[in-house]
Protein chains: 2
Amino acid sequence: MNALDQSFAALADPTRRAIIARLAEGEATVQDLARPFSISQPAISRHLKVLEEAGLIETRIKGTARPRRLKPDAVEALWDWLGQYRALWETQFQKLDAVLDGLSDEAGQAPSGNPERSTS
Amino acid sequence: MNALDQSFAALADPTRRAIIARLAEGEATVQDLARPFSISQPAISRHLKVLEEAGLIETRIKGTARPRRLKPDAVEALWDWLGQYRALWETQFQKLDAVLDGLSDEAGQAPSGNPERSTS
DNA sequence: TTGCTATATAATCTGTGCATTATATAATGG
DNA sequence: CCATTATATAATGCACAGATTATATAGCAA
């Protein structure tokens with residue numbers, strides 16, 4: 001499981017996204033997190049472990065407590081991956097393909113030797 | 001399972017991200033996708049179903065083929081969610097918290113070497 | 001019709017995720 | 001040392017993810 005796998009998988013759980021949202025306001029301990037989520041303490045600890053193994057949060061030690069915080073730069077890889085496709089995702093490339101295919105279907109042939117997509 | 005759940009979960013699989021990468025170049029059929037990934041055709045169909053149910057891709061019908069393409073605006077919700085926290089994620093808020101706690105801790109005891117370790 | 005191609009669906013197996021309760025570990029205070 | 005607090009880990013059950021093979025459906029073509 002690579003980093004992107006782990007990051008995306010970690011964020012696929014709504015409880016874990018809620019934990020992220022809470023940590024965006026500042027550090028929180030397991031107790032802090034277990035209370036509002038009405039979920040057992042071991043379950044929270046496990047979610048935190050998943051988030052930490054994904055590199056999204058980090059832990060420090062303060063007495064018996066283990067306050068978690070967002071790990072700087074953790075979201076960059078995700079941001080970059082999405083950003084890489086975001087522009088394409090929104091463009092009309094796909095629609096252009098559809099139009100060309102539609103033309104060649106309905107007209108019986110493609111005009112001037114361009115039957116397939118042109119991506120560049 | 002809400003939309004973000006499905007989108008993040010869909011992108012947590014490397015095969016599905018590779019499918020997205022391929023579709024960013026243009027439409028592709030199940031055959032087109034099954035070939036380079038050396039994975040069975042039913043497996044590809046299932047991955048495509050997951051991506052489509054997550055709202056990330058869409059299907060059109062062309063004869064017996066069902067070419068898939070990226071669905072416009074599909075990535076916006078993910079982008080927005082990440083963007084919502086991205087700034088905070090990178091800031092020194094967390095470090096400030098740590099420094100303050102560290103000060104109050106160390107005020108009463110001598111730090112022998114490294115008082116705080118991070119778990120892993 | 002018959003048959004070929006493209007895709008979807010069913011059945012099945014295996015692994016993993018997420019929850020619980022019970023228990024172990026670690027730091028702190030009396 | 002002992003008790004308390006904070007957290008982690010173990011054992012377990014259950015549901016779902018992802019792969020395969022086998023089969024069904026749908027369009028096209030001879």
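Bear in mind that the values here come from a model prediction, so they are computed numbers and not experimental data. Note on naming: letters A, B, ... go to the chains in the order of the sequence lines (proteins, then strands), and numbering restarts at 1 for each one. FYI, side chains are in, hydrogens and waters are out, and symmetry mates aren't considered; it's all heavy atoms of this structure.
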Interface with DNA chain D, restricted to residues 13-22 of chain A and to heavy atoms under 4.0 Å: none
If I take atom CD1 in residue A:I61 and atom P in nucleotide C:dT28, what distance separates them, rounded to the nearest angstrom? 10 Å
So, OP1 or OP2 of D:dT20: does either fall under 4.0 Å of a side-chain N or O from B:S40? yes
Residues in side chain to side chain donor-acceptor pair (under 3.5 Å) contact with B:E53, at least two apart in sequence or another chain: none
Set out, line by line, the N/O atom pairs under 3.5 Å between protein and nucleotides 8-12 of chain C.
unit_1	atom_1	unit_2	atom_2	d
C:dA8	OP1	B:R68	NH2	2.6
C:dA8	OP2	B:S45	OG	2.8
C:dA8	N7	B:Q41	NE2	2.8
C:dA8	N6	B:Q41	OE1	3.3

To the nearest Å, give me how far apart CZ (B:F37) and C1' (D:dT20) are. 18 Å
Just checking, any donor-acceptor pair under 3.5 angstrom between side chains of B:T59 and B:R66? no
Closest non-hydrogen atoms of A:A54 and A:S7, given as atom of the first, atom of the second and distance, are O-OG, 3.5 Å
Round to a whole Å and report the spacing from CE of A:M1 to C1' of D:dG18. 13 Å
Interatomic distance where CG belongs to B:D5 and C1' belongs to C:dG17 [whole Å]: 14 Å
Judged by nearest nucleotide, the residue sitting upstream toward the 5' end of DNA chain C, A:V50 or B:Q31, is B:Q31
Which residues share a side chain to side chain donor-acceptor pair (under 3.5 Å) with B:Q31, sequence neighbours left out: none
Whole angstrom is fine here: how far is it from CD1 in A:I44 over to P in C:dT21? 14 Å
Provide the closest heavy-atom pair for A:V30 versus A:Q41 in the form atom of the first, atom of the second, distance. CG1-CG, 3.7 Å
Please determine, for the side chain of B:H47, which listed nucleotide (C:dA19, D:dA19, D:dC28) has the closest atom? D:dA19
Ion pair B:R69/B:E58, N-O distance below 4.0 Å: yes
Qualifying salt bridge (charged side-chain N to carboxylate O under 4.0 Å, His left out) pairs with a residue from residues 6-17 of chain A, counting only residues at least two apart or across chains: A:R17-B:D5
Can you tell me how far C1' of D:dA17 sits from CD of B:E53, to the nearest Å? 13 Å
Over all strands shown, is A:I39 touching base, sugar-phosphate only, or nothing at heavy-atom distances under 4.0 angstrom? sugar-phosphate
Using a 4.0 Å heavy-atom cut-off, does B:A43 contact any base of the nucleic acid, only the sugar-phosphate backbone, or nothing at all? base
Which word best sums up how the rings of B:W79 and A:W79 line up, parallel for under 30°, tilted for 30 to 60°, or perpendicular for over 60°? parallel
Which pairs with one or both residues in residues 37-51 of chain B pass salt bridge (charged side-chain N to carboxylate O under 4.0 Å, His left out), sequence neighbours excluded? none
